[in-house]
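The structure under discussion appears below in the form of structure tokens.
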Amino acid sequence: MPTQKDMSVAEPLSVASLPEQLILPLQQHIGQNADPIVSRGDRVLKGQMVAKAPAYVSAPIHAPTSGTIREIGPMPVPHPSGLTAPCLVIEPDGKDEWIELKPVADYTQLDPISLRNRIREAGIVGLGGAAFPSAVKLNPGPSRKIHTLVINGAECEPYITCDQTLMSERADQVVQGIQIAMHALGVERCWIAIEDSMPTAHEGLSQAIAQCGDTKIEIKVVPTIYPTGGEKQLLKVLTGQEVPSNGLPSEIGVVCHNPGTIVAMYRAIAFGEPLISRIVTITGQGIASPRNIEALFGTPIAHLVAEAGGYQKGVERLIMGGPMMGFALHTDELPIVKATNCILAGQAGEIADPGHADPCIRCGACADACPADLLPQQLYWYSKSREFERAQDEYNLFDCIECGCCSYVCPSHIPLVQYYRFAKTEIRNAEVEKRKAEHAKERHDFRLERLEREQQEKAEAMRRKKEEIARKKADANKAASSDKPEQDAIAAAVARSEARKAEKAKQRAGTRTDNNAANDAKQAAIAAAKARAKANTEGSDSAKSQAEAAKQAAIEAAKKRAQQQAQPSASDKSADDARKSAIEAAKARAQAKQSANQRDSAGASNKQNAIEAAKQRALAKQSSAQEAPEGESKATDPKQAAIAAAKARALAKQQGEAANTAAESQAGDDPKKAAIEAAKKRALEKQSKASETDTNEEKPVDPKKAAIEAAKQRALAKQSGSNTASDDAPANSKQAAIEAAKTRALAKQQDNGDEASEPSSATDPKQAAIEAAKQRALARARDKSQQGSDDS
Ligand code: SF4
Ligand code: SF4
């Protein structure tokens with residue numbers, strides 16, 4: 001086909017005006033559809049992202065101008081199938097208001113990853129026609145070393161001049177975009193491939209390269225032979241190497257980009273602009289003024305045709321792309337998309353009408369024309385019969401560059417390229433479904449694995465719990481067995497303690513019996529004392545008989561106690577019982593001592609009380625003295641009187657002591673006798689005091705005190721008799737000493753009894769009776785011994 005490029009380059013590059021609406025298909029690239037992120041009625045700004053990329057192989061979509069989202073839904077799109085696809089419809093507001101842009105002043109400060117991310121966010125895809133995401137091509141992977149960046153400026157279609165115009169009009173942007181891409185790829189050189197029919201592009205690029213002074217960028221001129229612009233064909237021309245079947249140029253260390261894509265990278269980095277427009281060639285004999293127009297994505301084809309002067313008469317076909325690789329459109333209301341490089345409006349006879357297809361005659365012309373050395377007729381048969389695997393695996397369907405040469409030369413007018421595209425689409429869809437199924441299977445398997453793992457973990461936890469319980473139980477049993485001796489020892493100790501308690505209870509029972517007996521004896525003694533007291537009260541005649549009766553009662557009580565004391569031995573108590581009796585006796589003595597101490601303290605308290613009383617009396621006397629006349633107070637000063645009285649008492653006491661000393665000196669040869677005499681004297685004084693007190697106060701006679709006094713009288717009487725006997729028998733000094741000691745003891749008892757009984761009636765009557773009984777027993781013993789001596 002002869003070249004028709006001069007038709008569209010006669011006019012300079014122009015910029016299309018804003019249309020009434022912009023239609024943005026969500027599928028403008030290879031990979032997954034973009035997901036809209038706006039809603040109907042939203043106002044958007046120029047450059048604002050309206051649909052995001054959901055996957056790595058995808059690209060976002062941005063609003064070409066400011067306006068309002070009017071529609072989100074399926075709309076007719078430029079596709080060979082003529083089907084509808086999801087689209088966003090923006091109604092421009094005419095303000096063309098940009099979003100806030102974020103340009104990069106120095107791209108060299110950005111690492112390749114940051115550059116790729118900015119290019120991805122800008123929605124840049126290959127503008128040569130394939131619309132493959134450019135960020136993916138800039139990331140070939142660490143395993144592939146890229147050494148050369150190739151800019152494919154060799155447009156293969158006979159009518160298309162958009163890249164030529166771009167390289168001619170904006171050569172500086174192409175060169176700066178190349179430098180950014182080289183920095184992102186880290187390559188050491190860049191080749192710009194242009195056809196030998198592009199003198200203006202060659203001139204512009206040469207000037208731009210010279211201006212930047214980058215010697216790594218070279219211009220490579222290739223012959224204008226269709227389809228030299230094919231990527232694999234161009235790389236073979238430039239490098240002499242063939243890209244492996246079903247492989248990528250990166251496998252031979254080369255990455256290839258379109259000049260329009262490079263300029264889009266430059267604007268994204270240098271100005272922060274996303275990809276929202278491109279240069280489209282509006283050409284053909286059916287266009288009044290063919291030209292290249294920079295148009296916003298979504299601009300209806302009819303609007304661009306109008307920008308190019310409108311249609312000429314006789315337009316029969318409208319093609320998106322070139323006559324070789326393009327596809328026919330059934331309407332001009334379809335929008336311009338990222339992959340749209342040319343709109344060709346052909347008149348009758350300008351573009352061959354495929355007409356009615358005849359059966360393949362196996363002429364082989366298609367195979368001869370194929371630049372990829374494929375077998376187009378075999379691909380046609382397997383694609384038509386839907387044997388896609390055989391077309392893909394055996395006849396390398398994906399090595400087809402869809403150049404259309406086979407279709408162009410086919411004498412049967414078979415649209416071979418359309419079959420190949422259909423087969424590729426079906427295979428891609430099947431692969432997508434296969435990946436989805438594999439992903440779902442992985443999730444299902446993962447879920448099953450997770451459930452099984454959880455079940456195993458539960459079982460393991462249950463097993464551990466059971467083992468723990470068993471271990472604890474075993475430990476408890478072990479501990480119980482090890483503690484058995486200790487428990488036995490505890491049980492033995494408890495048994496011993498209980499046995500001791502029983503013995504103590506038994507002893508207490510015996511003690512209570514003894515106490516009862518002692519109480520009985522005490523009662524008898526008390527009765528005797530009462531009788532004696534009564535005898536003392538009623539008269540001296542009957543007193544003797546009553547004293548005899550009391551004596552008899554005391555004797556009986558002593559006998560009873562002797563019997564009670566003899567009972568334990570008669571009952572054959574054990575040696576332990578004897579010890580226990582001794583302990584009880586010791587306790588009794590301790591209690592007696594404690595009682596004596598208490599009495600002493602009571603006496604001290606009484607003394608203190610007497611002192612306090614004396615003080616009170618002195619104070620009373622002092623107050624009475626103050627009330628008296630002054631002359632009298634001097635004569636009767638209570639203090640002086642008390643001092644005088646105290647002095648008199650001290651003098652009397654000294655005189656008494658002196659008299660005692662003299663008496664002792666008189667009896668110096670016999671101190672025992674002197675002591676006996678002193679004791680007698682004290683006893684007589686106390687007795688006389690007691691009788692005076694009883695007579696003066698005329699109080700009712702206390703039987704207990706009467707008994708005590710009676711016992712004292714008897715003891716004194718006996719002592720007198722004993723002393724008389726000792727006078728008669730002075731040689732019996734031993735007996736005299738005994739009697740003197742007894743007398744002193746009796747005097748002490750009387751003193752203690754007096755001290756205790758004076759302040760209060762705290763004297764234990766039982767104890768007094770017991771003491772009286774003891775004295776009587778002693779007196780009887782002395783009487784008997786005296787009688788014995790008299791008889792002898
Ligand atoms: S379109 Fe036909 S001629 Fe072109 S590469 Fe494919 S099979 Fe070969
Ligand atoms: S050129 Fe057409 S007719 Fe000839 S072999 Fe190829 S497909 Fe068949």
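Atoms within each ligand, like the ligands themselves, are counted from 1 in listed order.
Between the side chain of E155 and the main chain of D163, a donor-acceptor pair closer than 3.5 Å is present. Here the side chain of H356 pairs no donor or acceptor atom with the backbone of H413 at under 3.5 angstrom. Using a distance-only test at 3.5 Å, with no hydrogens or angles considered, a donor-acceptor pair links the side chain of S168 to the main chain of A201.
The ligand atoms of ligand 2 that sit less than 4.0 angstrom from a heavy atom of I361 are 3 (S). Near S412, with a cut-off below 4.0 Å to any heavy atom, the atoms of ligand 2 are 3 (S). For ligand 2 and G364, the ligand atoms under 4.0 Å from any heavy atom of the residue are 4 (Fe), 5 (S).
By the criterion of a heavy-atom distance under 4.0 Å, both the backbone and the side chain of C366 are placed next to ligand 2.
For atom 2 (Fe) of ligand 2, the nearest non-hydrogen atom of the protein is C410 SG, 2.3 Å. For atom 4 (Fe) of ligand 2, the closest heavy atom belonging to the protein is C363 SG, 2.4 Å.
A salt bridge links E402 to R421: at least one charged side-chain nitrogen sits closer than 4.0 Å to a carboxylate oxygen.
Residues C366 and L416 approach most closely at CB-CD1, 4.0 Å, considering heavy atoms.
The closest side-chain heavy-atom distance from E389 to Y382 is not below 4.5 Å.
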With a cut-off of 3.5 Å and sequence neighbours excluded, list every side-chain donor-acceptor pair involving residues 323-337.
residue: T331; atom: OG1; partner: E333; partner atom: N; Å: 3.1
residue: D332; atom: OD2; partner: Y311; partner atom: OH; Å: 2.9

Mind listing the side-chain donor-acceptor pairs of residues 172-188 below 3.5 Å, one per line with the distance, residues two or more places apart or on another chain?
residue: Q179; atom: NE2; partner: D214; partner atom: OD2; Å: 3.2
residue: H183; atom: NE2; partner: L110; partner atom: O; Å: 2.7

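Screening the protein for N, O or S atoms under 2.8 Å from atom 6 (Fe) of ligand 1 yields 1; no waters enter the count.
Among the backbone and side-chain atoms of C360, an N, O or S atom lies under 2.8 Å from atom 8 (Fe) of ligand 2.
Looking at residues two or more places apart in sequence or on another chain, you find a side chain to side chain donor-acceptor pair (under 3.5 Å) between R170 and E294.
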